[in-house]
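All values below were derived from every heavy atom in this structure, side-chain atoms included, with hydrogens, water molecules and symmetry-related copies excluded. Since this is a predicted model, take the numbers as computed values, not measurements.
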Amino acid sequence: MKLKLVPASQGWRWVRQGLSTFRRQPLALAGLFFMYITTISLASLIPLVGNVLALALLPAATLGLMAATREADRGHFPMPSILISAFRAGRQRARAMALLGLIYAVSFLLVLGATALLDGGTFARFYLMGGAVTREIVESPAFQQAAWLAMGLYLPLSLLFWHAPALVHWYEVPPVKSLFFSVVACFRNFSAMLVFALAWMGIFTGVGIALTLLSVLIGQPGLIGTLMLPTLLLLAAVFFCSIWFTFQDCFEVQDSPDPGNA
């Protein structure tokens with residue numbers, strides 16, 4: 001396995017590839033994304049361990065969406081069973097993916113624990129247990145500092161896990177090594193990853209502004225509330241489609257099995 005370096009323009013190409021692939025199989029890929037969301041949501045409802053389980057399932061579930069995108073990109077129809085690809089590839093790889101999920105869950109909980117040092121755990125409790133958050137809490141300096149800290153710490157965490165599920169699943173890289181290779185690939189291709197991130201931020205922001213203007217122009221201010229959530233969810237599905245292409249272009253595999261084998 002060899003790291004490939006790509007130009008900054010590749011970041012925009014990844015976005016376009018995600019959009020193009022989604023257009024080929026919109027119902028299948030959107031349906032799989034909603035299954036992904038539903039699975040994570042249901043797991044979080046399990047008493048005591050639900051939130052930890054949901055976090056631990058994220059790498060495997062993300063891998064399933066990447067596998068679905070690969071199938072669609074190759075002209076195949078991704079079946080629902082592809083979402084559990086991580087646990088259908090043999091005991092060794094399933095165990096490695098489970099360990100990767102556990103590392104992710106523990107790391108994310110440590111991030112939330114760090115925010116508790118600033119606001120006494122308010123932000124962490126809201127994230128893990130939900131519930132109503134008053135305007136006073138949101139506007140409090142401690143809560144805002146905790147939210148910013150969470151965002152700041154989650155960025156390097158996301159880079160560690162960006163390519164890791166695919167490396168573990170398709171190329172049998174040990175979980176800890178996959179984190180190292182993932183973050184190195186992201187930093188070595190920082191310009192492309194930055195363009196990719198900025199492009200998606202622009203798309204989400206632009207769509208939000210367009211929906212707001214539309215609701216104002218037609219005199220239906222409540223329309224934005226009706227359209228915003230499903231629209232953002234569809235955009236999120238396309239975003240997850242584009243993740244596969246960031247991985248495909250960052251690594252060159254030599255003398256290894258076809259990465260398409262689930």
> Taking all non-hydrogen atoms of both residues, which atom of Gly120 and which atom of Arg125 are closest, and how far apart?
Replying inline: O-NH1, 3.3 Å
>> Quick check: do Phe126 and Ile137 have side-chain heavy atoms less than 4.5 Å from each other?
In response: no
> Honestly curious: do Leu232 and Leu213 fall in one hydrophobic cluster under the side-chain, below-4.5 Å linking rule?
Replying inline: no
>> Test your reading of the model: is there a side-chain donor-acceptor pair from Thr115 to the backbone of Leu112, 3.5 Å cut-off?
In response: yes
> In Å, rounded to the nearest 0.5 Å, how long is the span from OG of Ser85 to CE of Met97?
Replying inline: 9.5 Å
> Do the non-hydrogen side-chain atoms of Val183 and Pro156 ever get within less than 4.5 Å of each other?
Replying inline: no
> Can you tell me if Arg88 uses its side chain to pair, donor with acceptor, with the backbone of Ile84 under 3.5 Å?
Replying inline: no
> Do the non-hydrogen side-chain atoms of Asn189 and Cys250 ever get within less than 4.5 Å of each other?
Replying inline: yes
>> Nearest 0.5 Å, please: how far is CG in Leu194 from CE in Met201?
In response: 9.5 Å
> Could you walk me through whether Met35 and Leu83 pass the side-chain contact (heavy atoms from CB on, under 4.5 Å) check?
Replying inline: CA-CA 9 Å; Met35 289 177 62; Leu83 278 181; 3.7 Å; yes
> For the residue pair Ala114 and Leu149, what are the closest heavy atoms and their distance?
Replying inline: O-CD2, 3.7 Å
>> With side-chain contact (heavy atoms from CB on, under 4.5 Å) as the criterion, how do Leu118 and Phe143 come out once you've worked through the C-alpha distance, each side chain's angles and the decisive distance to 0.1 Å?
In response: CA-CA 8 Å; Leu118 298 178; Phe143 186 89; over 6 Å; no
>> Show the nearest heavy-atom pair for residues Ser178 and Val173, with the distance to one decimal.
In response: N-CG1, 3.5 Å
> So, does Ser20 use its side chain to make a donor-acceptor pair with the main chain of Gln17 at under 3.5 Å?
Replying inline: no
>> Testing the basics here: between Leu157 and Ser107, what is the closest heavy-atom pair and its distance to 0.1 Å?
In response: CD1-CB, 3.5 Å
> So, Ser242 side chain and Phe239 main chain: donor-acceptor pair closer than 3.5 Å or not?
Replying inline: yes
>> Between Arg24 and Asp73, is there a side-chain heavy-atom distance shorter than 4.5 Å?
In response: yes
> Do the two ring centres, one from Phe161 and one from Phe108, sit under 6.0 Å apart?
Replying inline: no
>> Checking side-chain polar atoms at under 3.5 Å, does Trp14 have a donor or acceptor matched by the opposite partner on Asp249?
In response: yes
>> Are Leu234 and Phe22 packed together at the side-chain level, in the sense that at least one heavy-atom pair is separated by less than 4.5 angstrom?
In response: yes
>> Hydrophobic clusters here meaning ILVMFWY residues chained together by side-chain heavy-atom distances under 4.5 Å, can you tell me if Trp200 and Trp12 are in one?
In response: yes
> Do the side chains of Arg23 and Leu19 get nearer than 4.5 Å, heavy atoms only?
Replying inline: yes
> Do the ring planes of Tyr104 and Tyr154 sit parallel (below 30°), tilted (30 to 60°) or perpendicular (above 60°)?
Replying inline: perpendicular
> Checking Thr231 side chain against Leu227 main chain: does a donor-acceptor pair fall under 3.5 Å?
Replying inline: yes
>> Ignoring hydrogens, what is the shortest heavy-atom contact between Leu29 and Thr69? Give both atom names and the distance.
In response: CD2-N, 4.3 Å
> Are Tyr36 and Phe240 close enough that their ring centers fall under 6.0 Å?
Replying inline: yes
>> Please tell me whether Phe196 and Phe190 form a close aromatic pair, meaning their ring centres lie under 6.0 Å apart.
In response: no
> How far apart are the closest heavy atoms of Ser158 and Leu155, and which atoms are they?
Replying inline: OG-O, 2.6 Å
>> Is any side-chain heavy atom of Ile103 closer than 4.5 Å to one of Leu99?
In response: yes
> To the nearest 0.5 Å, what is the distance between CZ (Phe33) and OG1 (Thr38)?
Replying inline: 9.5 Å
>> So that I know where these two stand, are His163 and Phe251 an aromatic pair - ring centroids less than 6.0 Å apart?
In response: yes
> Should we count CZ of Phe180 as having more than 12 external heavy atoms under 6.0 Å?
Replying inline: no
> Are Met151 and Tyr127 grouped together when hydrophobic residues (ILVMFWY) are joined by side-chain heavy atoms under 4.5 angstrom apart?
Replying inline: no
>> When you measure from the side chain of Arg188 to the backbone of Leu3, do you find a donor-acceptor pair of N or O atoms at a distance under 3.5 Å?
In response: no
>> Do Val195 and Ser9 make a side-chain contact, defined as non-hydrogen atoms from C-beta onward lying under 4.5 Å apart?
In response: no
For residues 43-68, please give each side-chain donor-acceptor pair under 3.5 Å, one per line with the distance, not counting sequence neighbours.
residue : atom : partner : partner atom : Å
Ser44   : OG   : Ser41   : O            : 2.5
Asn51   : ND2  : Leu128  : O            : 2.6
Thr62   : OG1  : Leu58   : O            : 2.8

> What distance do Leu42 atom CG and Ile37 atom CD1 have between them, rounded to the nearest 0.5 Å?
Replying inline: 11.5 Å
> Got more than 12 heavy atoms from elsewhere within 6.0 Å of NZ, Lys4?
Replying inline: yes
> Going only through I, L, V, M, F, W and Y residues with side-chain contacts under 4.5 Å, is there a path from Leu198 to Leu235?
Replying inline: no
> What's the spacing between Cys241 SG and Gln25 CD if we round to 0.5 Å?
Replying inline: 10.0 Å
> Looking at OG of Ser182 and CH2 of Trp162, how far apart are the two atoms once the value is rounded to the nearest 0.5 Å?
Replying inline: 9.0 Å
>> Is there a path of hydrophobic side-chain contacts, each under 4.5 Å between heavy atoms of I/L/V/M/F/W/Y residues, joining Val111 to Trp148?
In response: no
